[in-house]
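The structure appears right after this line, and notes come after that.
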Amino acid sequence: MSKYKKGEIVFGCVTGIEKYGIFVNLDEYYSGLIHISEVSNAFVRNIHDYVKVGETIKVKVLEEDEKTHQVKLSIKDFDYRIGKKKIEKIQETEHGFTTLESKLGDWIEEKYKEITKK
């Protein structure tokens, strides 16, 4: 009896990235590959732009091999990210770098004392 069903969406952890695809660990027995053709409908120039090693993502099961415990996976056509963080632009304050400048001398002095104690 197969553990994963075709079309099912499951969670997995990215364990490796190669130019031809993304390796994903689903559980203690099953691992899978997202072939580069299953990453996006658009041309994939750099596969590293899509995921990072250690990231947990949602994947769609395409096919399962019960004997080898390997699964063919896809992240095409759905939002595969979990807790997608919105990247915000850094807003410059009216003070600019003056707050850093005022602390810089103290930080240098503290570090100097720390180093000379050793």
Side-chain angles (χ1 to χ4, degrees):
M1 182 175 185
S2 67
K3 181 170 182 174
Y4 296 102
K5 309 227 180 314
K6 184 177 179 177
E8 180 180 12
I9 305 290
V10 296
F11 294 97
C13 181
V14 176
T15 57
I17 303 171
E18 295 292 333
K19 59 184 172 187
Y20 54 85
I22 302 164
F23 291 95
V24 179
N25 189 24
L26 300 177
D27 59 32
E28 56 195 41
Y29 299 109
Y30 282 85
S31 62
L33 174 70
I34 304 168
H35 188 267
I36 193 166
S37 64
E38 291 297 328
V39 171
S40 175
N41 288 317
F43 177 74
V44 178
R45 183 173 306 281
N46 184 355
I47 202 163
H48 289 88
D49 292 340
Y50 292 85
V51 295
K52 304 287 182 232
V53 172
E55 181 179 7
T56 300
I57 59 173
K58 292 185 275 187
V59 293
K60 183 189 292 184
V61 176
L62 299 178
E63 189 179 313
E64 174 193 356
D65 184 341
E66 291 180 62
K67 291 178 185 173
T68 62
H69 296 278
Q70 304 228 332
V71 184
K72 291 181 182 176
L73 304 167
S74 176
I75 57 173
K76 244 194 230 185
D77 301 324
F78 70 96
D79 187 13
Y80 60 91
R81 297 215 183 253
I82 298 172
K84 197 172 188 177
K85 294 180 182 175
K86 186 177 180 182
I87 299 173
E88 296 180 18
K89 279 185 145 182
I90 296 174
Q91 299 292 324
E92 187 175 339
T93 65
E94 61 186 54
H95 302 292
F97 290 106
T98 57
T99 54
L100 291 174
E101 183 182 27
S102 66
K103 288 289 195 180
L104 188 59
D106 296 335
W107 293 335
I108 292 172
E109 190 175 319
E110 285 174 25
K111 196 61 175 177
Y112 179 74
K113 286 179 184 176
E114 182 183 318
I115 292 170
T116 56
K117 284 183 182 179
K118 293 180 181 180

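From a predicted model like this one, the values you see are computed outputs, not experimental measurements.
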Going from NE2 on His48 to CD1 on Ile22, what distance comes out if it is rounded to the nearest 0.5 angstrom? 9.0 Å

Side chain to side chain donor-acceptor pair (under 3.5 Å) involving Lys103 - partner list, sequence neighbours excluded: none

Should side-chain heavy atoms under 4.5 Å link Ile, Leu, Val, Met, Phe, Trp and Tyr, which residues sit in the same cluster as Tyr112? none

What residues form a salt bridge (Lys or Arg N to Asp or Glu O under 4.0 Å) with Lys111, not counting sequence neighbours? Glu114

Mind checking ring-ring contact (aromatic ring centres under 6.0 Å, His included) for His69 and listing every partner two or more places apart, or none if nothing turns up? Tyr30

Please identify each residue that fulfils side chain to side chain contact (heavy atoms under 4.5 Å, CB included) with Asp77, with sequence neighbours left out. Asn41

May I have the step-by-step check of side chain to side chain contact (heavy atoms under 4.5 Å, CB included) for Ile34 and Ile57, ending in yes or no? CA-CA 12 Å; Ile34 304 168; Ile57 59 173; 4.1 Å; yes

For His35, side chain to side chain contact (heavy atoms under 4.5 Å, CB included) partners two or more places apart: Ser37

Applying side chain to side chain contact (heavy atoms under 4.5 Å, CB included), can you list everything that pairs with Glu63, at least two apart in sequence or on another chain? Lys72

Quick one: side chain to side chain donor-acceptor pair (under 3.5 Å) partners of Gln70, sequence neighbours excluded? none

Which Ile, Leu, Val, Met, Phe, Trp or Tyr residues join Leu33 in one cluster when any pair of side-chain heavy atoms under 4.5 Å counts as a link? Tyr20, Phe23

Could you list all the salt bridge (Lys or Arg N to Asp or Glu O under 4.0 Å) pairs where at least one residue sits in residues 15-34, not counting sequence neighbours? Lys3-Asp27

Between Arg81 and Glu55, is there a side-chain N and carboxylate O pair less than 4.0 Å apart? yes

Within one Ile-Leu-Val-Met-Phe-Trp-Tyr cluster: Leu62 and Ile47, side-chain cutoff 4.5 Å: no

What are the two closest non-hydrogen atoms of Cys13 and Gly54, and how far apart are they? SG-O, 3.8 Å

Value rounded to 0.5 Å, distance of CD1 in Ile75 from OH in Tyr50: 8.0 Å

If the condition is side chain to side chain contact (heavy atoms under 4.5 Å, CB included), which residues does Lys58 pass it with, not counting sequence neighbours? Ile9, Phe11, Phe78, Ile82

Do you know the tightest heavy-atom contact between Val61 and Leu73? CA-CD2, 4.1 Å

Heavy-atom closest pair, residues Thr15 and Val53: O-CG1, 4.0 Å

Could you give me the CA-CA distance, side-chain angles and deciding distance for Leu26 and Val59, then say whether side chain to side chain contact (heavy atoms under 4.5 Å, CB included) is met? CA-CA 9 Å; Leu26 300 177; Val59 293; 3.9 Å; yes

Check: Lys5 main-chain N/O paired with Glu8 side-chain donor or acceptor under 3.5 Å: yes

Contacts satisfying salt bridge (Lys or Arg N to Asp or Glu O under 4.0 Å) that involve residues 36-53 (not counting sequence neighbours) are none

